[in-house]
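Some notes on the structure that comes next.
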Amino acid sequence: MFCCRPSQKSSRPSAASAPVGITSPQSLTSNPILPLHDSQFVRADFVVDPNNPPAIMPAAGYRVELGSDLRKKDISVHLERVEENSPTFQNSFVSEAHSNFAGGETDPFIISVQTSKKPSNELMALVRTRKRDIHTTIPYSNNKTRLINNLKELIPEINDIQFREIKNAAMSNDLAHLENRLLYKHYKFGVIYCKEGQQTDDQMFSNSNGSPAFEEFLSLLGERVALKGFAGYDGELDVKTDTTGTHSVFTQVDEYEVMFHVSTLLPFSTVNMQQIERKRHIGNDVVVIIFQDGDKTPFIPSSIASKFNHVYIVVQVVTEEENSGDSRISMDSDMNMNSAPNVTASVRRTRTEGSGSRTRYRVATVSKQGVSPFGPLIPQDPIFTYGPEFRSYLLCKAINAERASYGAPSFSLSRTRRDWMRDITNKYT
C-alpha cells in the first residue's frame, strides 16, 4: 500500500526488522519523521538563487518538496493508506470470529483480532490508536495473551499498555459505527489563482477572474458544474440559492467524490477587500492548490493565514524557454501508473487544441511540520504535461496529502477520534 517506493536507496525501514513470523504494520504513519526517500525534502542548507527562485520559499515550521533525486520511472502513482480508508473492520471482522480488547488511561487503544484458524496460519489484527489504524497479521495462537504480546513486539507504542478483553458482543456494533464515522468518502480542496508578483493572501483572493492558463488548468482538474440543484458532494457549497457562486469544479477519483473551492468562482466582493467569503471556504480546506501564472515570485507558506490549511501544492506554468532548455524533462508516461486510481471526468483541451503543443507545469509542495510524508514523490524533473497522467498524479498527491494530515498534532480530527474511542472504552470497561 506504500506509494512511490523508489527503486533506488530509501530511508524507510524494511519489514525485515520485524520479529520472525509477524508482518510489519501497514501504516505510513509508523514513523512520521522519516521521508519516503532521503532526497524528498529541501535540506536546511538549501541556498535560494535570486535569479532562479524556487516555486516555494523554505520557511521555519514547514517542509518543502521541490524535487527528489528520482526520475519519473522510479515514481509509482497510487493512493496511500488504502486500508485506513476502507471499512476493514466491517469487511474482515464483523462476520468472522474475533476478539476485542481495550486499554489505555489517558489515550484509548482498541484491538480487534481474528480468532479462527486459517490455512495461512495467520490472523488479521486491527490496532486503533487515537491517531491511526494499524493493520497487520500475526501467527495463529489460541492463547489470547500471546496474541497481545505478539502485537506488542510489533508495535512499540502499545508495549506498556495493559489490555482487557471485552466479551460484550455489542462492542463490535459500536466499532463498526466508529469506522463509518471515521471513513472519508469525499474530499474538498482549495484552488487559488495567483498572478505574477502576488505574495499576500489579500492579493491572491482579490483576483476576480483567472487567466486563460488558469481556466485550462481547471479543465484538467475536473468538470465545471452548476451548483444549483447539484446532486453530488457539494463540499459545503450552497446548491440551493447560489450564495457561494453559480459554478464550481467537480470530479471523482475511484469511489471518492472531489469538490474544488476555486477562488475565482467563489463570490467576489467589491466592498470587502479581504474577501472573507472566499477565505471562509478555502481557509477551511486541508489541502490547497496554488496556481501561479508566473515563476519569478516564490510562494511563501505563511502568506495565507489559516490554522486548517496543512499542505499547499504549488503549480506553475512552464515557459516555452524552459520547455526547450531542460534536458532532464522526461515523459509523464514513464511513471508507474499501474495502480493509479480511476478518474471519471475526461481531460479536455481549452487553449492549445490542434496547435501540436501541450502546456507544461512545474509542481512543488509544502506541508506543516507534523504532517507525515506522502507521495507520489516529486521527481528530479518536476515538469509535467497537461494530460491524464498528470491529472492522476496531481489528484493522488492531493488526496494522499489530506490523509497524511489527519495525524498531525494540530489537526482536530485526532482529538475527535480520541473522544469517540474513549466513549466506547468507557462504556465497556
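Quick note: numbers below take in every heavy atom, side chains included, and nothing from hydrogens, waters or symmetry partners. Throughout, residue positions are numbered sequentially from 1 according to the sequence presented. These numbers were taken from a predicted model, which means no experiment stands behind them.
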Does the Arg358 side chain pair with the main chain of Tyr386, one donor and one acceptor, at a distance under 3.5 Å?
yes

Please report the interatomic distance CZ(Arg71) to CG(Asp334), rounded to the nearest 0.5 Å.
8.0 Å

Considering residues at least two apart in sequence or located in another chain, which fulfil the side-chain hydrogen bond (donor to acceptor under 3.5 Å, both in side chains) criterion with Lys368?
none

Please test Val113 against Leu151 for side chain to side chain contact (heavy atoms under 4.5 Å, CB included), starting from the C-alpha separation and ending with a verdict.
CA-CA 10 Å; Val113 184; Leu151 285 169; 4.0 Å; yes

Taking it one step at a time, do Arg280 and Glu236 satisfy salt bridge (charged side-chain N to carboxylate O under 4.0 Å, His left out)?
CA-CA 11 Å; Arg280 180 172 70 88; Glu236 301 177 13; over 6 Å; no

For the pair Lys131 and Glu157, find out whether any cationic side-chain nitrogen is under 4.0 Å from an anionic carboxylate oxygen.
no

Ignoring hydrogens and angles, state whether a donor on the side chain of Ser112 or Asn100 is under 3.5 Å from an acceptor on the partner side chain.
yes

Any side-chain heavy-atom pair from Arg417 and Asp133 closer than 4.5 angstrom?
yes

For the side chain of His98 and the backbone of Phe93, is there at least one donor-acceptor N/O pair under 3.5 Å apart?
yes

With a cut-off of under 6.0 Å to the ring centre and 45° to the axis, is Arg63 in cation-pi contact with Phe41?
yes

Measuring from atom OG1 of Thr264 to atom CG of Asn209, what distance do you get when rounded to the nearest 0.5 angstrom?
7.0 Å

Are the side chains of Leu66 and Pro382 in contact, using a 4.5 Å heavy-atom criterion?
no

Do we get Arg81 above Tyr184's six-membered ring, with its NZ or CZ under 6.0 Å from the centre and within 45° of the axis?
no

Does any non-hydrogen side-chain atom of Asp69 lie less than 4.5 Å from one of Asp74?
no

Please check: side-chain N/O of Glu179 versus main-chain N/O of Gln90, any donor-acceptor pairing under 3.5 Å?
yes

Nearest-0.5 Å distance, CE of residue Met421 to CD1 of residue Ile424
7.5 Å

Are the side chain of Thr425 and the backbone N or O of Arg422 linked by a donor-acceptor pair below 3.5 Å?
yes

Donor-acceptor side-chain pairing of Gln198 and Asn207 below 3.5 angstrom:
yes

Hey, is the main chain of Val82 close enough, under 3.5 Å, to the side chain of Glu80 for a donor-acceptor pair?
no

Flag, side chain of His281 to backbone of Lys279, donor-acceptor distance under 3.5 Å
no

Run Val363 and Ile313 through side chain to side chain contact (heavy atoms under 4.5 Å, CB included) and show every step you take.
CA-CA 7 Å; Val363 175; Ile313 302 175; 4.2 Å; yes

Here the pair of heavy atoms bringing Ile134 nearest to Thr129 is CD1-CG2, 4.4 Å

Closer than 3.5 angstrom, by distance alone: can the side chain of Asp254 be matched with the main-chain N or O of Asn342 as a donor-acceptor pair?
yes

How far does CZ of Arg128 sit from NE2 of His135, to the nearest 0.5 angstrom?
8.5 Å

Pick out which of Tyr406, Phe260, Tyr256 makes a ring-ring contact (aromatic ring centres under 6.0 Å, His included) with Tyr187.
Tyr256

If you apply the rule side chain to side chain contact (heavy atoms under 4.5 Å, CB included), what do you find for Leu237 with Phe250, and how did you get there?
CA-CA 12 Å; Leu237 297 174; Phe250 174 86; over 6 Å; no

Would you say the side-chain atoms of Glu277 and Thr244 include a donor-acceptor pair closer than 3.5 Å?
no

Any donor-acceptor pair under 3.5 Å from Arg278 side chain to Phe205 backbone:
yes

Measuring from Gln292:CD to Phe214:CZ, what's the distance to the nearest 0.5 Å?
12.0 Å

Interatomic distance, Leu221 atom CG to Phe291 atom CZ [nearest 0.5 angstrom]:
9.5 Å

Ile304 and Ile290, any side-chain heavy atoms less than 4.5 Å apart
yes

Could you tell me whether a side-chain N or O of Lys188 sits under 3.5 Å from a main-chain N or O of Met259, the two making a donor and an acceptor?
no

Are the side chain of Asp293 and the backbone of Val317 linked by a donor-acceptor contact shorter than 3.5 Å?
no

Could you go step by step and tell me if Glu65 and Lys397 meet the salt bridge (charged side-chain N to carboxylate O under 4.0 Å, His left out) rule?
CA-CA 12 Å; Glu65 216 184 334; Lys397 190 75 168 171; 3.0 Å; yes

